[in-house]
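Single-structure report; data block below.
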There are 2 protein chains.
Amino acid sequence: MANLDTVDIKILELLQQNSNRTTKSIAEELGMTTSPIFERIKKLEKEGYIKGYVAVLNQKKIGLKQTVFMGITLQGHTRSYLEKFVTQINNFPEVIECHRVSGNFDYLLKLVVEDIEAYEHFIISKLTLLPYLGNVQSLITLSTGKETNEINLSRLQ
Amino acid sequence: MANLDTVDIKILELLQQNSNRTTKSIAEELGMTTSPIFERIKKLEKEGYIKGYVAVLNQKKIGLKQTVFMGITLQGHTRSYLEKFVTQINNFPEVIECHRVSGNFDYLLKLVVEDIEAYEHFIISKLTLLPYLGNVQSLITLSTGKETNEINLSRLQ
DNA sequence: TATTTATACAGCATTTTATTCTTTATTTTT
DNA sequence: AAAAATAAAGAATAAAATGCTGTATAAATA
């Protein structure tokens, strides 16, 4: 695919908002028939523009009410240790994101836990067991104004 | 719904991984027929456990290669100003998350941009126009070890 | 310029899935 | 123990996905 045209971008925008829409309804919105829309979606999937389709859950309703960010600095920085650290961090079910960053920390983590108590438990019984841990800073989410996975594609047009 | 049973949790886990699976294939995996699975999914949607279904895009392939986190401190803290700040921040297409946090910052943002240059442009031409801005700290993502929206539900069982 | 080739899409046919309904078994309540 | 509620199987129907054919338009080639 040379590049994405207007129709492709529109399809991606719609599927980011609701991936359960029928091909037909997308086709109608774009003033086309189902087949070209169907074929374009398959192409976007095949060529990797679309990584997949997922259900988004209501964390709070499920009992996981607390989001926490952690800035972590390590004391050692050997390659083998960094890799080990990432592997272990990724295995914790509480951790949903783990980014190596430049700036005032080495790593930034995003966690989802039941509540503050569960977070404290995570720190005591899991995190602090990791060696070479340096400075650890917690950012406890009080409220969330925006939290989406939707990438704004208007910039591409 | 009193609460989620084992089958509900399993369904949620599967739909978090791939929401395009057919009812039939989920039913087969769980050793049931399609109708109960179908009804359970509808119930989970209706009662708000499932917020929606979305396509996950390949950011890099689309040309948005850089993720950045920003810790922001405000100088003023009147209610009306905080609200205005959040509203304006949420309107920036670059910002995909905006959390009010306790800790060393007032707000933590997550942004997705083309590259560092685009990030600099965001700061100069958008962010710094906001009044009452205090300390701003950037955490530039170098690499990402884990980045998922999938909530681990094994904790609930 | 004429001719071929590739691309995109409409429209229809077919297969597969989603959805609804009925019946039966099981559990819960009284 | 009887009645009511719940859960699921199985079949029937509606809707959607998927594939195919033909046509128009654009791009490439001679």
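Here is how names work: the chains are called A, B, and so on, in the same order as the sequence lines, proteins then strands, and each is numbered from 1. Values below: all heavy atoms of this structure, side chains included; hydrogens, waters and symmetry mates excluded. This is a predicted model, so every value here is computed, not measured.
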Round to a whole Å and report the spacing from [atom1] of [X] to [atom2] of [N].
X	N	atom1	atom2	value
A:Phe38	D:dC20	CZ	P	11 Å
B:Lys24	D:dA16	NZ	C1'	15 Å
A:Ile41	C:dC9	CD1	P	13 Å
B:Asn20	D:dA16	CG	C1'	13 Å
A:Ile26	D:dT18	CD1	P	12 Å
A:Ile37	C:dG11	CD1	P	14 Å
A:Tyr53	D:dA17	OH	P	11 Å

Can you check whether [X] has a side-chain N or O nearer than 4.0 Å to OP1 or OP2 of [N]?
X	N	value
A:Arg40	C:dC9	yes
A:Lys42	D:dT18	yes
B:Thr33	D:dA8	no

With sugar-phosphate meaning primed atoms plus P, OP1 and OP2, does A:Thr22 contact a base, only sugar-phosphate, or nothing at under 4.0 Å between heavy atoms?
->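 Sugar-phosphate contact only.
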More than 12 heavy atoms of other groups within 6.0 Å of A:Lys24 NZ = no
Decide yes or no, distance alone: a donor-acceptor N/O pair under 3.5 angstrom between the base of D:dG10 and the side-chain of B:Ser35.
-> yes
May I ask you to check whether A:Glu45 and A:Tyr53 show a side-chain donor-acceptor distance below 3.5 Å?
->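 A donor-acceptor contact under 3.5 Å links the two side chains.
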Pair B:Lys42-B:Glu39, salt bridge (charged side-chain N to carboxylate O under 4.0 Å, His left out): steps then yes or no = CA-CA 5 Å; B:Lys42 288 300 151 197; B:Glu39 282 159 11; over 6 Å; no
Minimum heavy-atom separation for A:Met70 to A:Ser138, with atom names?
->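 Shortest heavy-atom contact: CE-OG, 4.4 Å.
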